[in-house]
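To keep things clear, I will list the structure first and then write my remarks on it.
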Amino acid sequence: MSIRSITLAALAATAAVEVAAQDDTATVTVDIPRDLETRRLVPDVYGYSIEPIWVDDYVSTPLAKTLLSAIAKVARKPPPIRVGGNTADQTYLHDELPTGNDSVAIPGYLNAKQFNVTPAWYDSWAGYFPEGTDIIYTLNLAVNESAWSNAVAQAAAAHKALGSKLVQFELGNEIDHFINKGWRDASWGVAAYIEQFRNLTGQIVASDWYKAIDEDDDRPTFQAGVFADPPWVPDQQDEIDDFSIANLTKDGEGGIVEREQDKDIIGSYATHLYPQSTCDGPRWLRMRLDLLSNHQVLWQGESSRNISQYVPQVAAADKAGAPLVMGETNSVSCSGKSGISDTFGAALWGVDYVLLGASIGIRKTYFHLGAQSEYSAFTPKPYAIKNETVGAGIRANWYSHYFVAKVAATATEDEELSIAALPGANSSTFSGFAVYSGEEDDDENRSLRKLVFLDMGVWNGTEGLSNNSTLKATDGKSFSNGTRPSGTIKVSTPWTAGRNVSVTRLAGPGTNAKSGVTVSGVTFDAKTGEKVGEEKEEVVQVGENGALEVKITRAEGVLLEIVDGDGSGNGNGNGNDGEGDGNSGAAGKKITLWSSLFVAVMTAGFIVML
Ligand SMILES: *[C@@H]1O[C@H](CO)[C@@H](O)[C@H](O)[C@H]1NC(C)=O
Ligand SMILES: *[C@@H]1O[C@H](CO)[C@@H](O)[C@H](O)[C@H]1NC(C)=O
Ligand SMILES: *[C@@H]1O[C@H](CO)[C@@H](O)[C@H](O)[C@H]1NC(C)=O
Ligand SMILES: *[C@@H]1O[C@H](CO)[C@@H](O)[C@H](O)[C@H]1NC(C)=O
Ligand SMILES: *[C@@H]1O[C@H](CO)[C@@H](O)[C@H](O)[C@H]1NC(C)=O
Ligand SMILES: *[C@@H]1O[C@H](CO)[C@@H](O)[C@H](O)[C@H]1NC(C)=O
Ligand SMILES: *[C@@H]1O[C@H](CO)[C@@H](O)[C@H](O)[C@H]1NC(C)=O
Ligand SMILES: *[C@@H]1O[C@H](CO)[C@@H](O)[C@H](O)[C@H]1NC(C)=O
Ligand SMILES: *[C@@H]1O[C@H](CO)[C@@H](O)[C@H](O)[C@H]1NC(C)=O
Ligand SMILES: *[C@@H]1O[C@H](CO)[C@@H](O)[C@H](O)[C@H]1NC(C)=O
Ligand SMILES: *[C@@H]1O[C@H](CO)[C@@H](O)[C@H](O)[C@H]1NC(C)=O
Ligand SMILES: *[C@@H]1O[C@H](CO)[C@@H](O)[C@H](O)[C@H]1NC(C)=O
């Protein structure tokens, strides 16, 4: 990023603080620097992690399949599914169970200490997910008896049932909590993990079923790491150990990829993050919806401690030759918090989170699902909780997925997208991303395809306050006064004058809303998961010198996408404007001009950050 764009971003942030409260008809001008570093944006960037004990419930109704299929239709690829979580390390494979069932949680589903399954359990969900779904299965690493014979048998049973749908295994969940849980002694750390990783993967790779898979490409790989503790927040770490992606992959000091055969089978590295938590008293008191819907807090938390702390972890994974993923996440740990997790504010957060993560190289983000969890984007069955009965259905946060699917969708099978966060759209209440056609970090050949802007400002409305699938006790009770602010975003794009740009809106009655959320008018039926209605068309036209204007309301997301032409040749400000408008060499100047204007207006104090 250039010094200039940093200065601009800083100026914008300062101006925002000074004038935000004074004017409701806000205008913000956003520059798109030419030299942004981009990272790959894959079509299946947004995935789910399903707690093993809750898989049966999720596959017991068509709801999940219908919703996941709607995503596949937009993104050309179904969301990836990880079957994993705490109960993965409590899963035991048996030939059969005394009750004759495929699975049983002991003593019960809400307080499971053991999850017993048979090989038929894997068959029971193998065919459920939409065609083309990539499945990751977490093996039980905790139970180390007989050289992990339980995990070795699980791997064989999972592969037998899932075949080529099974793309990866994880060995254990949140292994940096194993000492705390009594599953390992104090010697547990990177060195012990690597030894055990080599033993268990060595057994799997040497097994007949694994060797029988001809093509190297179809052989499941391993997602290594799977750490829970936020690397830069020591007081939130469960135990003292040396787990981090950087330590796991360190060069020349016994790192995991020093043996070529380990490097070959590691497909990715995983960390987990929950920015808020109900797990303990201090964090319970810090839970706040307005901190979730806050772009600056998402990046740096109280002191560089939310997404930004993964920058070194990504760098370590990249260096070791495999991408980092956020393998399990959600808004609030220990099952979520209704009133925060299930609101429209959480939907805006979900979009910002996945895209900000992708822009720093977090390849995929997997949102955790439990059939009775307050953060789940959809729940398959009604259930009793906290003196209420909540219905099966869809929550407001689901809509972030449908919106992101549109952001990450490619125009053709072969197109590759890359993404960067915009320095000029980087305040607490305003976030923005540029999406390019072209490989990551190739700023010569890429062309700008889409722009995303999120107004993360809190607007607590008086509509859509409750939803049959959420707790009534948490329906919004604090409302914003006055009229809901709205404003105009002015972007200086490299796009040619006259071209059409479609506008897709992620909209809701307010940050606090639990229903009434739409993506350009489209909703999803709470009972069946079927898409209801068609996207309302909204088109804006590129003006002189690539100027583009779009309206945005407080607490709303917009996706701007070039819709005419073939999607290529829209230039990137580097002078390769394929439209041949004869002034492509001036593209660089246009941006400078807009930037100067921006600074001038900023100085005059007219600009208000949304
Ligand atoms: C076992 O299966 C039967 C019949 O499907 C069901 O009624 C019962 O609740 C199941 N038991 C457990 C413990 O899951
Ligand atoms: C095996 O697991 C037990 C606890 O179940 C633990 O005490 C022991 O340290 C583990 N052994 C190894 C080699 O990690
Ligand atoms: C795994 O460890 C066991 C002892 O716990 C050993 O007998 C076996 O050879 C090891 N297997 C591999 C593949 O390292
Ligand atoms: C990485 O390893 C070093 C040396 O063992 C240790 O001091 C450090 O705390 C580890 N980092 C993390 C995040 O655990
Ligand atoms: C991360 O963000 C949340 C808001 O979602 C905030 O409450 C939390 O304090 C942040 N974490 C840190 C460690 O700053
Ligand atoms: C449920 O109702 C009981 C009895 O009225 C009450 O003590 C308890 O606090 C309630 N629990 C919740 C979560 O509201
Ligand atoms: C609301 O939830 C109840 C279960 O609590 C269910 O019986 C009812 O059908 C649901 N209504 C709608 C409209 O989903
Ligand atoms: C956004 O602002 C934070 C500091 O407030 C900075 O650390 C970060 O790099 C900025 N992001 C971009 C894309 O400019
Ligand atoms: C741009 O594309 C050309 C032709 O494919 C290639 O030679 C060049 O290396 C690319 N530039 C970058 C920065 O990757
Ligand atoms: C909006 O509502 C949430 C909870 O619904 C509350 O935490 C927050 O303080 C409210 N903010 C405003 C500005 O009303
Ligand atoms: C709205 O106005 C009322 C009355 O002045 C005040 O009590 C309340 O705090 C205000 N709400 C917000 C979110 O500012
Ligand atoms: C709950 O809200 C979501 C989001 O607006 C909506 O899709 C769903 O239909 C609502 N559920 C009910 C039962 O109204």
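As the structure lists them, so they are numbered: ligands from 1, and atoms in each ligand from 1. Side chains are part of it too, since the values below use all heavy atoms of this structure and drop only hydrogens, waters and symmetry mates.
No side-chain donor from either of N330 and H368 sits under 3.5 Å from a side-chain acceptor of the other.
Annotation for ligand 8: atoms under 4.0 Å from non-hydrogen atoms of W299 are 3 (C), 6 (C), 7 (O), 8 (C). Counting the atoms of ligand 7 from 1 in the order shown, those under 4.0 Å from a heavy atom of G391 are 2 (O), 4 (C), 5 (O). Atoms of ligand 8 lying under 4.0 Å from any heavy atom of A421, numbered from 1 in the order shown and given with element: 13 (C). Shown in contact with Q296 at under 4.0 Å from a heavy atom are these atoms of ligand 8, numbered in order with element: 2 (O), 5 (O).
The two residues R449 and T410 come nearest to each other via the heavy atoms NH2-C, 3.9 Å. Annotation for S293 and T511: closest pair CB-CG2, 4.3 Å, computed over non-hydrogen atoms. The heavy-atom pair separating A409 from A75 by the smallest distance is CB-CA, 4.1 Å.
Ion pairing between a basic and an acidic side chain is recognised when a charged N comes within 4.0 Å of a carboxylate O; K527 and E530 show no such pairing.
Residues Y48 and F129 keep their aromatic ring centres 6.0 Å or farther apart. Taking the six-membered ring for Trp, Y399 and F524 have ring centres closer than 6.0 Å.
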Any chance you could lay out the side-chain hydrogen bond (donor to acceptor under 3.5 Å, both in side chains) test for S418 and T38, step after step, and finish with the verdict?
-> CA-CA 6 Å; S418 64; T38 62; 3.3 Å; yes
I'd like a table of the close N/O pairs between ligand 11 and the protein (anything under 3.5 Å), one pair per line with both atom names and the distance.
from	atom 1	to	atom 2	distance (Å)
ligand 11	2 (O)	N481	OD1	3.2
ligand 11	2 (O)	N481	ND2	2.3
ligand 11	11 (N)	F479	O	3.4
ligand 11	11 (N)	N481	ND2	3.0

